[in-house]
Amino acid sequence: MVQINEHFLKLQAGYLFPEIARRVAEFSEAHPDADVIRLGIGDVTEPLPPAVVEAMHAAVDDMARRDTFHGYGPEQGYAFLRDPVAAQDYQARGIDVSADEVFISDGAKCDTGNILDIFGPGNRIAITDPVYPVYVDTNVMAGHTGPATASGRYDGLLYLPVTEENDFVPELPNEPVDLIYLCYPNNPTGAVASREALQKWVDYARDTGALILFDAAYEAFITDDAIPRSIFELDGARSTAIEFRSFSKNAGFTGTRCAFTVVPRDLTVRAGTEDVSLHQMWLRRQSTKFNGVSYVVQKGAAAVYTDAGRQQTQALVNFYLENARLLCDGLRKLGMTVYGGENAPYVWLKTPDGLNSWEFFDLLLSRGHLVGTPGSGFGASGEGYFRLSAFNSRDNVEAAIDRFARAVS
Ligand SMILES: *Cc1c(COP(=O)(O)O)cnc(C)c1O
């Protein structure tokens with residue numbers, strides 16, 4: 001008899017995006033002429049930067065010639081990509097990360113899930129609420145939780161609320177935890193964490209022996225120089241944190257796939273009488289289960305670090321940030337309370353008139369023909385909030401602001 005991984009049965013049917021799709025389909029069927037604008041999904045809309053496209057074309061030509069052809073590459077990534085990542089993303093900012101601590105991958109989503117391979121059962125796991133659902137579901141699949149409760153939370157996870165009361169940065173837990181997921185700039189709230197706030201978490205992890213899994217996928221959207229772009233800017237983080245980054249949101253790689261994870265050499269965990277290196281474990285895991293990102297894609301990612309690539313990537317980020325600024329301004333003029341949107345491509349608004357997240361979703365769809373994401377879909381503490389994504393065309397953003405006025409006034 002085949003045994004399945006029964007932990008999968010605890011997963012709640014992917015509720016959020018299918019339910020959005022269902023309600024939009026129902027509305028569109030009843031109103032076939034309504035042209036619905038979607039500000040819902042966290043996917044980019046603008047094409048790849050020209051420097052990236054050019055580098056990928058050249059790389060395809062390399063693959064077409066015997067003397068420049070590339071077969072299997074190094075599992076951790078080519079030096080032509082790891083070197084500029086370490087030099088430009090870290091060392092140029094005074095952050096101590098070396099190229100051999102950078103592991104190139106096909107996505108931060110994959111890495112945040114796959115990293116659980118190197119951890120055992122029995123860890124106490126803290127996540128923020130609301131949260132990027134991948135952290136939760138991968139722990140459920142790995143058997144690190146109990147069943148889901150009626151509220152949609154899982155037994156065995158510690159949920160740390162992030163709301164306007166704590167500026168969307170969680171308080172330290174009042175019970176012991178081992179693994180802590182933090183994501184700043186944050187999806188879904190668009191919030192950032194100050195140096196002081198992150199230092200408190202790094203100190204906590206150092207003092208208690210916990211490990212921070214830091215998702216910095218939106219680092220490029222930080223405009224405020226006082227906000228840390230990497231967890232490794234904080235004292236002591238090299239022995240308490242792993243960082244995930246991605247080319248998806250800064251350079252439009254959501255469909256091209258390239259990302260990286262930094263696992264410092266200093267990071268060890270006590271196992272019996274031994275200090276075991278998490279860097280060595282992750283290297284072993286990747287070498288065994290992963291054969292690297294394609295040469296063509298890594299060449300494209302490396303072009304992000306050229307002068308032209310840096311400029312073009314910054315222009316893309318600025319374009320989305322301007323969308324976010326327009327959304328925030330437009331909504332504030334309507335008297336709405338909005339958060340995020342300054343150092344992140346997400347705007348997190350408080351639903352007006354005490355509506356719950358789904359009631360506001362229905363109102364916006366029926367009166368404004370606009371689709372966003374109900375905050376409650378990201379966790380119980382997201383109730384009463386609503387996420388708008390700045391990943392869109394300027395035309396759609398401008399039209400959306402007009403339609404908001406129609407929907408909420
Ligand atoms: C978009 C996103 C990522 C990036 O995932 P990829 O697999 O690299 O595309 C990672 N974390 C969060 C929170 C995200 O929203």
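Both counts, for ligands and for their atoms, begin at 1 and track the order of listing. For clarity, every value in this text was computed on a predicted model and none was experimentally measured.
- In the vicinity of Asp215, heavy-atom distances shorter than 4.0 Å reach the ligand 1 atoms 10 (C), 11 (N), 12 (C), 13 (C).
- For Tyr346 and Tyr218, the ring centers are positioned less than 6.0 Å apart.
- Polar contact with ligand 1: absent for Tyr346 (N/O pair, distance under 3.5 Å).
- Donor-acceptor pairing under 3.5 Å is recorded for the side chains of Asn187 and Arg387.
- Checked for salt-bridge contact, Arg325 and Asp329 meet the test: a charged N lies under 4.0 Å from a carboxylate O.
- Salt-bridge check for Glu26 with Arg23: failed, with every basic side-chain N at 4.0 Å or more from each acidic carboxylate O.
- For the pair Tyr135 and ligand 1, the shortest N or O to N or O distance does not fall below 3.5 Å.
- The shortest distance between side-chain heavy atoms of Glu243 and Glu219 does not fall below 4.5 Å.
- Of all protein heavy atoms, the one lying nearest to atom 5 (O) of ligand 1 is Lys109 N, 3.5 Å.
- In terms of protein heavy-atom proximity, atom 9 (O) of ligand 1 is nearest to Ser248 OG, 2.6 Å.
- In summary, the atoms of ligand 1 found under 4.0 Å from a heavy atom of Ala217, numbered by their order in the structure, are 3 (C), 10 (C), 11 (N).
- Between Glu233 and Arg93 there is no salt bridge, since none of the side-chain N atoms of the basic residue sits less than 4.0 Å from a carboxylate O of the acidic one.
- Residue-ligand proximity: Thr254 is placed with every non-hydrogen atom at 4.0 Å or more from ligand 1.
- Taking the six-membered ring for Trp and the full ring otherwise, Phe119 and His144 have centroids separated by 6.0 Å or more.
- Under the 4.0 angstrom criterion for non-hydrogen atoms, Tyr218 is in contact with ligand 1.
- Ion pairing of Asp100 with Arg265 is present here, as a side-chain N (NZ or NE/NH1/NH2) and a carboxylate O approach within less than 4.0 Å.
- With a heavy-atom cut-off of 4.0 Å, Ala108 touches ligand 1 through backbone and side chain alike.
- From the protein, the heavy atom lying nearest to atom 7 (O) of ligand 1 is Arg257 NH2, 2.7 Å.
- Ranking the protein heavy atoms by distance from atom 1 (C) of ligand 1 puts Lys249 NZ, 1.2 Å first.
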